[in-house]
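To keep things clear, I will list the structure first and then write my remarks on it.
All values derive from a computational prediction rather than experimental measurement.
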Amino acid sequence: MDQFMKRAVELAVENVRDGGQPFGAVLVKNNTVVTEGVNELHKTYDVSGHAELLAIRRAQEQLQTNDLSGYTMYASGEPCPMCLSAIYFAGIEKVIYCASVENAVEAGLGQAKVIYEDLQKNKADRTLSMVQIPLNEGQENPMKLWKERS
């Protein structure tokens, strides 16, 4: 097993022993570990406290950048939709994972699979109700303001 994947799995095992979920992540560039993370939901009561997100946050803060192009994420489990989205937004170019979403379901951690399935549906057919409300007449448009500034 690759050294970085081995470390991600070790982090996940340690996290389970500490009362957390079986997820660890290692962010790597140029064959060097930049940051690590484990799911910290059991400590922070923050649903965004996932291993991959924490590794990304730490790297971006440490490096003072939002661009993580050229990085690889090693994850003990296949990233959930939230983590996968952050990976895309950060520009991370490769994800290597060990346990699949199906393995997580077998372990009793099936929420990611449900969300992945829901996201494949049309907006109107999803479990989460989303309602768009247009700007009021004369209200300043933040998207237009952004476009003008850029």
Going only through I, L, V, M, F, W and Y residues with side-chain contacts under 4.5 Å, is there a path from Tyr97 to Tyr116? no

Will you find, in the side chains of Ser48 and Asp46, an N or O donor that is under 3.5 Å from an N or O acceptor? yes

Heavy-atom closest pair, residues Ala51 and Gly37: CB-O, 3.4 Å

Do the non-hydrogen side-chain atoms of Val95 and Thr72 ever get within less than 4.5 Å of each other? no

Members sharing Leu128's hydrophobic cluster (side chains within less than 4.5 Å): Met130

What are the two closest heavy atoms between Ala75 and Ala8, and how far apart are they? C-CB, 4.2 Å

Compare all side-chain heavy atoms of Tyr74 with those of Val28 and state whether any distance is below 4.5 angstrom. yes

Going by the salt bridge (Lys or Arg N to Asp or Glu O under 4.0 Å) test, which pairs reach into residues 60-86, not counting sequence neighbours? none

Sequence neighbours excluded, which residues qualify as salt bridge (charged side-chain N to carboxylate O under 4.0 Å, His left out) partners of Glu40? Arg58

With sequence neighbours left out, which residue pairs that include part of residues 141-150 fulfil the salt bridge (Lys or Arg N to Asp or Glu O under 4.0 Å) condition? none

Closest heavy-atom pair, Leu27 versus Ala59, reported as atoms and distance to 0.1 Å, is CD2-CB, 3.5 Å

Could you pull out all residues at least two apart from Asp18 that satisfy salt bridge (charged side-chain N to carboxylate O under 4.0 Å, His left out)? Lys43

Residues sharing Ile115's hydrophobic cluster, by side-chain heavy-atom contacts under 4.5 Å among ILVMFWY, directly or via others? Leu119

Within the supplied structure, the quantity of interest is the number of heavy atoms (other residues, nucleotides, ligands) at a distance under 6.0 Å from Phe89 CZ; does it exceed 12? no

Check: His50 and Cys80 side chains under 4.5 Å, non-hydrogen atoms: yes

Would you mind reporting whether Gln3 and Asn31 have side-chain heavy atoms less than 4.5 Å apart? yes

With the side chain counted from C-beta on, respond yes when Arg7 and Val33 share a heavy-atom pair under 4.5 Å apart, and no when they do not. no

Close side-chain approach of Ile56 to Ile92, heavy-atom, < 4.5 Å: yes

Which atom pair, heavy atoms only, marks the closest approach of Pro79 to Leu84? CB-N, 4.1 Å

With sequence neighbours left out, the residues meeting side-chain hydrogen bond (donor to acceptor under 3.5 Å, both in side chains) with Gln60 are none

Please determine whether residues Val26 and Ile96 belong to a single hydrophobic cluster, defined as Ile, Leu, Val, Met, Phe, Trp and Tyr linked transitively by side-chain heavy-atom distances below 4.5 Å. yes

Members sharing Leu135's hydrophobic cluster, built from side-chain contacts under 4.5 Å between Ile, Leu, Val, Met, Phe, Trp and Tyr, are none

Here the gap from Cys83 atom SG to Asn39 atom CG, rounded to the nearest 0.5 Å, amounts to 7.0 Å

With sequence neighbours excluded, what pairs up with Glu106 under the salt bridge (charged side-chain N to carboxylate O under 4.0 Å, His left out) test? none

All heavy atoms of Gln62 vs all of Val34, minimum pair found to be OE1-O, 3.9 Å

Could you note down all residue pairs passing side chain to side chain donor-acceptor pair (under 3.5 Å) where residues 122-136 supplies at least one of them, sequence neighbours left out? Asp118-Thr127

Any side-chain heavy atom of Leu11 within less than 4.5 Å of one from Glu36? yes

side-chain contact (heavy atoms from CB on, under 4.5 Å) for Glu140 and Leu145? Distances and angles first, verdict last. CA-CA 8 Å; Glu140 190 169 20; Leu145 182 62; 4.0 Å; yes

Looking at every heavy atom in both Phe23 and Ala12, which two are closest together, and how far apart are they? N-CB, 3.7 Å

So does Lys29 have more than 12 non-hydrogen atoms from other groups sitting under 6.0 Å from NZ? yes

Should we say atom OH of Tyr71 is surrounded by more than 12 heavy atoms from elsewhere, each under 6.0 Å from it? yes

Do Val38 and Val9 sit in one hydrophobic cluster, given that two such residues count as connected whenever their side-chain heavy atoms are within less than 4.5 Å of each other, even indirectly? yes

Any residue meeting salt bridge (charged side-chain N to carboxylate O under 4.0 Å, His left out) with Glu93, in chain and number order, not counting sequence neighbours: none

Exam field: side chain Ser76 to backbone Pro22, donor-acceptor pair closer than 3.5 Å: yes

Contacts of Ser100 meeting side-chain hydrogen bond (donor to acceptor under 3.5 Å, both in side chains) (sequence neighbours excluded), chain-then-number -> Glu102, Asn103

